[in-house]
Amino acid sequence: MSTDRIRNFCIIAHIDHGKSTLADRLLDLTDAVPERERVDQILDTMELERERGITIKAQAVRLLYNRPDGVWTLNLIDTPGHVDFTYEVSRAIAACEGALLVVDASQGIQAQTLANLYLAMEHDLEIIPVLNKIDLPVADVPAATEELVELLGVGPEEVLKISAKTGEGVREVLDAIVERIPPPKSARRQTRALVFDSNYDPYRGVIALARVFDGGLEKGDRVRAMGSEEEFEILEVGCYSPKPNALPALQTGQVGYIVAGLKDIGALRVGDTITGVEDPAPDPLPGYARVLPTVFCGLYPTEGDDFERLRDALAKLQLNDASLFFEPENSRLGFGFRCGFLGLLHMEIVQERLEREFGLDLIATSPSVKYQVVVDGEVREVTNPSDLPERYDEIREPVVRATIICPREHVGAVMGLCHEKRGVSVGMEYISPLRVQLTYDLPLAEVITDFFDQLKSRTRGYASYDYEPAGYQPADLVKVEVLVAGEPVDSLSIIVHRDKAYQRGRALVEKLKELIPRQQFEVPVQAAVGKRVIARETVRAYRKDVTAKCYGGDITRKRKLLEKQKAGKRRMKQVGRVEIPQEAFLAAIRI
Ligand code: GTP
């Protein structure tokens, strides 16, 4: 079957530059969704995504574009924009021949614009530069066009200028897709399909989104996932337009879904290649890599009885998120789980989904990274600060290479911040007369605390950043322990650079002093490195009578206050004899 009339493309952009809005307009123009069913950002299906306005999971939609020269099949593959989900972006990119590079005309090129562009260039995609939001009064179309011309080496006339909001120029985008992006090509006879998204459906099992590079897939075919070596029968194939639509087959060059009926999403992960069992391809498509979590924290239910419910909820989320890691853990907080995430945003999303979709009330410990600890020549991995052995020969921490783009006048502030965060400068370059790209190697542990917030506030929101892992390096790190009433609170331990131990310990105890409610006795709060106490505060004794103010008042009012106090206490955790409220744990994260 000819692939001449197929175009596979994705939209890549920095966060908030208008990727989802443009996707909506493309759907409108190809009449994919009847007028009355239209909602904003139709591709962001998860409730949470819609609320936060971010795209978490990649999706694919088949659009039929009618032109005087006939009907064209355009497969739009949506990609997540956030740095935590880079691996999914790269798989989605690998499934396409071309990409729309969307840039907000009021902001110009940003860090994730570059990161995504480089991924697309690595896969030799045809890049169509699209300047969006030209309707905004603050849009600087000539300056942004100039940046794209410089970056891509294209003529200014090749940069499309649109408003995804008003629809201006969007038809030209469809024409450019047809005219500039090459049709898919196949090199082999044996079937090979790249899985670029994988979801679990409670009724139908694993449903994968795949791009067929060679051969074809049909209902009833016996196939094998070459990475996981799992064999299964295809129960159904089809495409989203955008509703699921069963098809007899997915041919070479096409994109669609595969119902595999598998019970474990790990058996058909993003990046795997599907081939036939009978006439298998000799080698898989490039790029099967397991994504490993980089940020870890402990999650504990506030109600001890919820432990099993938390386990079920995590297992359910994992069905749809092969990158989520968890294992049971036991600490002073009771029974909970040590969980691993791709990054801070991933962690927040998982926590929020657990609370919202599963109605769980959770306490999260400070996030940490995975350290390598060398003990007697043997390398151990430590993700929980309380597991750090007392003696070790060396400790190594993960490092990332960060790219930061900011206006020239903020370079000093950015360099100052990177320096404070123990960064090492790798390079600096002007991307336009007014804007600079800085490259730094930074410890991941410093990046996951408040780096991004600081960067935003010190540059008044004008800087953007992106990072990629850059291995491990030895560092002078120590464990700071917190003692409340003489008892160590293991969930509050942190691993920090020796130079920052005092400052972090001081900040921790000061914050805890404010947040631990007064008890009927005096409570010392201390921070210690090894046996040495480096900071101390005292919570004075006090007994709180919440009904004191309504002496002689209405009994129902008193009862209400007592109820309120009771509800507040429910969220507290008993540590030794002292109750530590959740805010104290959360504060430890933010310091
Ligand atoms: P992520 O999915 O989080 O990566 O964001 P996105 O790139 O998909 O951005 P989205 O489409 O959600 O747009 C971000 C914001 O910009 C929304 O508030 C849109 O309404 C707005 N926006 C998008 N396109 C335009 C445009 O052409 N003009 C104007 N004025 N606003 C736009």
Side-chain angles (χ1 to χ4, degrees), residues 9-29 32-33 38-61 76-93 99-117 119-120 127-141 144-145 148 159-174 176 197 242 342-346 348-349 352-353 405 452 456 461 464-467:
F9 73 103
C10 57
I11 308 178
I12 53 180
H14 188 73
I15 198 150
D16 279 349
H17 280 199
K19 192 181 53 192
S20 309
T21 311
L22 175 58
D24 285 351
R25 285 302 87 68
L26 297 178
L27 262 67
D28 296 347
L29 275 187
V33 188
R38 283 179 195 165
V39 281
D40 278 354
Q41 307 191 338
I42 198 134
L43 298 185
D44 296 349
T45 44
M46 269 191 270
E47 181 200 352
L48 201 64
E49 276 187 33
R50 196 160 283 166
E51 227 162 81
R52 293 190 163 204
I54 48 168
T55 311
I56 303 167
K57 276 282 184 186
Q59 298 245 26
V61 185
L76 160 60
I77 293 165
D78 197 18
T79 56
H82 195 272
V83 39
D84 284 4
F85 305 100
T86 299
Y87 181 70
E88 290 192 10
V89 182
S90 87
R91 291 308 91 204
I93 282 173
L100 303 177
L101 181 70
V102 174
V103 172
D104 182 332
S106 66
Q107 306 217 319
I109 291 165
Q110 298 292 342
Q112 283 149 38
T113 317
L114 286 186
N116 289 328
L117 172 67
L119 283 176
I127 310 288
I128 302 177
V130 178
L131 215 47
N132 187 31
K133 307 201 190 181
I134 58 167
D135 61 295
L136 286 178
V138 288
D140 188 345
V141 177
T145 305
L148 281 167
V159 178
L160 302 177
K161 286 139 193 126
I162 71 159
S163 164
K165 191 169 170 186
T166 66
E168 187 186 343
V170 176
R171 191 165 289 280
E172 284 73 21
V173 174
L174 286 168
D197 192 19
L342 298 177
L344 276 190
L345 180 74
H346 187 213
E348 274 177 39
I349 288 170
E352 221 170 300
R353 292 188 63 187
I405 294 183
F452 195 35
K456 286 272 162 197
S464 65
Y465 89 126
D466 198 83
Y467 63 79

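Note that these values count all heavy atoms, side chains included, but never hydrogens, waters or copies made by symmetry. Every number for a ligand or one of its atoms is a count from 1 in the order of the listing. Since this is a predicted model, take the numbers as computed values, not measurements.
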| Quick one: are I15 and Q112 in side-chain contact, heavy atoms under 4.5 Å? | yes
| query | Do L131 and V141 come within less than 4.5 Å of each other through their side chains, counting heavy atoms only? | reply |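 A side-chain contact exists here, since the closest heavy-atom pair is under 4.5 Å.
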| said: Rounded at 0.5 Å granularity, tell me how far CG in D140 sits from OG1 in T145. | reply: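 Between D140 CG and T145 OG1, I get 8.5 Å after rounding to 0.5 Å.
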| task | Calculate, to the nearest 0.5 Å, the distance between atoms CG and CG belonging to L26 and L76 respectively. | result | 6.5 Å
Side chain, backbone, both or neither: the part of [X] lying under 4.0 Å from ligand 1 by heavy atom:
{"X": "A13", "answer": "neither"}
{"X": "H17", "answer": "backbone"}
{"X": "D135", "answer": "side chain"}

| request: With side-chain contact (heavy atoms from CB on, under 4.5 Å) as the test, would you mind laying out the steps for E168 and D135 before giving the verdict? | output: CA-CA 9 Å; E168 187 186 343; D135 61 295; 5.5 Å; no
| message | I want to know if ligand 1 touches L136 in the polar sense, i.e. an N/O pair below 3.5 angstrom. | response |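 There is no such contact.
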| query | Quick one: does I134 get an N or O within less than 3.5 Å of an N or O on ligand 1? | reply | no
| remark: Heavy-atom proximity to atom 31 (N) of ligand 1, picking from H14, K165, K19, R25, points to K165
| Closest to atom 10 (P) of ligand 1 among T21, D16, V102 (heavy-atom distance) |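 Going through T21, D16, V102 one by one, T21 has the nearest heavy atom to atom 10 (P) of ligand 1.
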| Can you check side-chain contact (heavy atoms from CB on, under 4.5 Å) on I11 and V173, steps first, answer last? | CA-CA 11 Å; I11 308 178; V173 174; over 6 Å; no
